[in-house]
Amino acid sequence: MSSGLKFREISKEQFDIYFYGRSPYLKTFSQEIRWFKYEENDITLLCTIIVCNIDNDYNAIVLGRDLDKKFRAINVLASYDSMDTLLENLNDSIPKMLSQHHNGTFMQGDESAKPFSLFLSKVPDEKRNIYIKMLLEDPLHFPAYIVLEELAYWFKDPDGIFIRDFQSDSFNSRLFELYLNAVFYELDFEMNREYNQPDFLLSKFGEVISVEAVSIAETEDPLERKEVNQEQMDELRTHVLKVMPFKFARSLLKKVRHRPEPEKVHYWELDHTKNKPFIIAMQDYSKRMSMAFSSEALHSYLYGVDIESGTSIEKHIDGNRVIKSNFFGSEQNNNVSAVLLTTQATIPKFNRMGILAGIEAKGFKILVNGVKTDQEANPFPFTADVSDPNYQEPWCTAVYMYHNPNAIHPVDYRLFPNMIHVFQKEDHFEELVPRNYIIQSTTMIFKTE
């Protein structure tokens, strides 16, 4: 007899914003085709319908929150020839599943002592950064708040200080790590964060790659309002041309020279990273919008090429300051396999991902404009309403990987699809640019109430 209870169909984006526990292995023999949600009071159930490519049958996996607030499997309905029969039995199973919850959670038995709650206060109010206050109090950023909270439940913190840093004076650095976590998950990497150093140990198809993250510090007041005019754009261009090579150099060289405790060896000399590719991932937060253009400065510094003319250079000059160019040309940097530059590890990006998942920024309309590629990988300008059901945007957008031509352990670019790959050849540079890919974008916000 039917209970009258029923799952509601949702989009993949709405499902994905809550679940970060897929095993890449499942994609080798199955395909997710539909997604559902059931809510009652403080209880939420998620469900994905999977087609097995081997047996060609339908299967449903139902997820409920465990004590860590992660959505994990609590029921499986397997081997159905009929989708209609599967959905009918799925809905009929709701009462039994609901009877198993305790305070909205479904205990698995292997949870930690407490959830990784990103916004649970760890620092005094007076030491909280402005971004935490924005996320907690401003309805504009409510979608980002939800996305960050859900993503963090799946995040591992080997240092034990992540939340404190996120809420105090290292917000951008920690936001960057969360963004990288989402990107690597989307790219089907298995992530090992059991080690204190480096930040990520990735594996895919038997290959293991280590990644250390570093962000370029903010130099502007985030609350200062600036009119975007030609004068501001000229200042930004000067900042990218003159200042950013120095900032990138300082951060990269610091990571190359660093020998973290307790082993006091380089990142690539640790037992779990030896003889494996090592990547330094970077994000520029120095000035508003500079991240959208600073790829030019990084390219220039890494390969020793003038940004504007394309000719070879030996140094960068900014007033009385001078640094050597061509980071990859130095033998001491041959252990750095590649440098990964992201340009979207920002609250607006998390906001857009939340809106795509159906989370409303009440009282605001969010547009995105920029440059993307078409089916032939040709760039063209675009503008889109993020709440448009037809608009799509993955986590991995406007990401560049600069490959070291002298790397001891090169990175296989095929492990990192959906990003721009840059290679230095004998007399030219080669770029692999994905089709239908966002190369650069900015968010536009309009108040509707």
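From a predicted model like this one, the values you see are computed outputs, not experimental measurements.
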Between [X] and [Y], how do the two ring planes meet: parallel, tilted or perpendicular, split at 30° and 60°?
X	Y	value
His272	Tyr195	parallel
Phe171	Phe166	tilted
His258	Tyr267	tilted
Phe189	Phe416	tilted
Tyr285	Phe176	perpendicular

Is there a donor-acceptor pair closer than 3.5 Å between any side-chain N or O of [X] and the backbone N or O of [Y]?
X	Y	result
Glu111	Gly109	yes
Ser112	Lys114	yes
Ser23	Tyr25	yes
Asn129	Asp169	no
Ser300	Glu296	no
Thr373	Pro434	yes
Ser286	Ile216	no
Thr346	Lys349	yes
Asp68	Lys70	no

side-chain hydrogen bond (donor to acceptor under 3.5 Å, both in side chains) for Ser441 and Gln344? Distances and angles first, verdict last.
CA-CA 8 Å; Ser441 68; Gln344 306 262 295; 3.2 Å; yes

Answer whether the closest heavy-atom distance between the side chains of Glu393 and Lys372 falls below 4.5 Å.
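Glu393 vs Lys372: side chains apart.
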
Do the numbers put Arg193 on top of the ring of Phe200, so that NZ or CZ is under 6.0 Å from the six-membered ring centre and no more than 45° off the axis?
yes

Ring of Phe246, cation from Arg321 - is the NZ or CZ under 6.0 Å from the centre and inside 45° of the axis?
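Verdict for Phe246: a cation-pi partner in Arg321.
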
Once you round to the nearest 0.5 Å, how far does OG of Ser294 lie from NZ of Lys287?
13.0 Å

Taking atom CG of Asn326 and atom OH of Tyr303, what is their separation to the nearest 0.5 Å?
10.0 Å

Partner of Phe155 under side-chain contact (heavy atoms from CB on, under 4.5 Å), chosen from Ile163, Leu148, Asn181:
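Only match with Phe155 under side-chain contact (heavy atoms from CB on, under 4.5 Å): Asn181.
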
Ring centroid separation His299 to Phe429 under 6.0 Å:
yes

With ring centroids as reference points, do Trp154 and Phe19 lie under 6.0 angstrom apart?
yes

Begin from the C-alpha positions of Phe293 and His239 and carry the test ring pair (Phe, Tyr, Trp, His ring centres under 6.0 Å) through to its verdict.
CA-CA 10 Å; Phe293 307 101; His239 174 75; over 10 Å; no

Does this structure show an ion pair linking Glu177 with Arg174, if we count only N-O contacts that are shorter than 4.0 Å?
yes

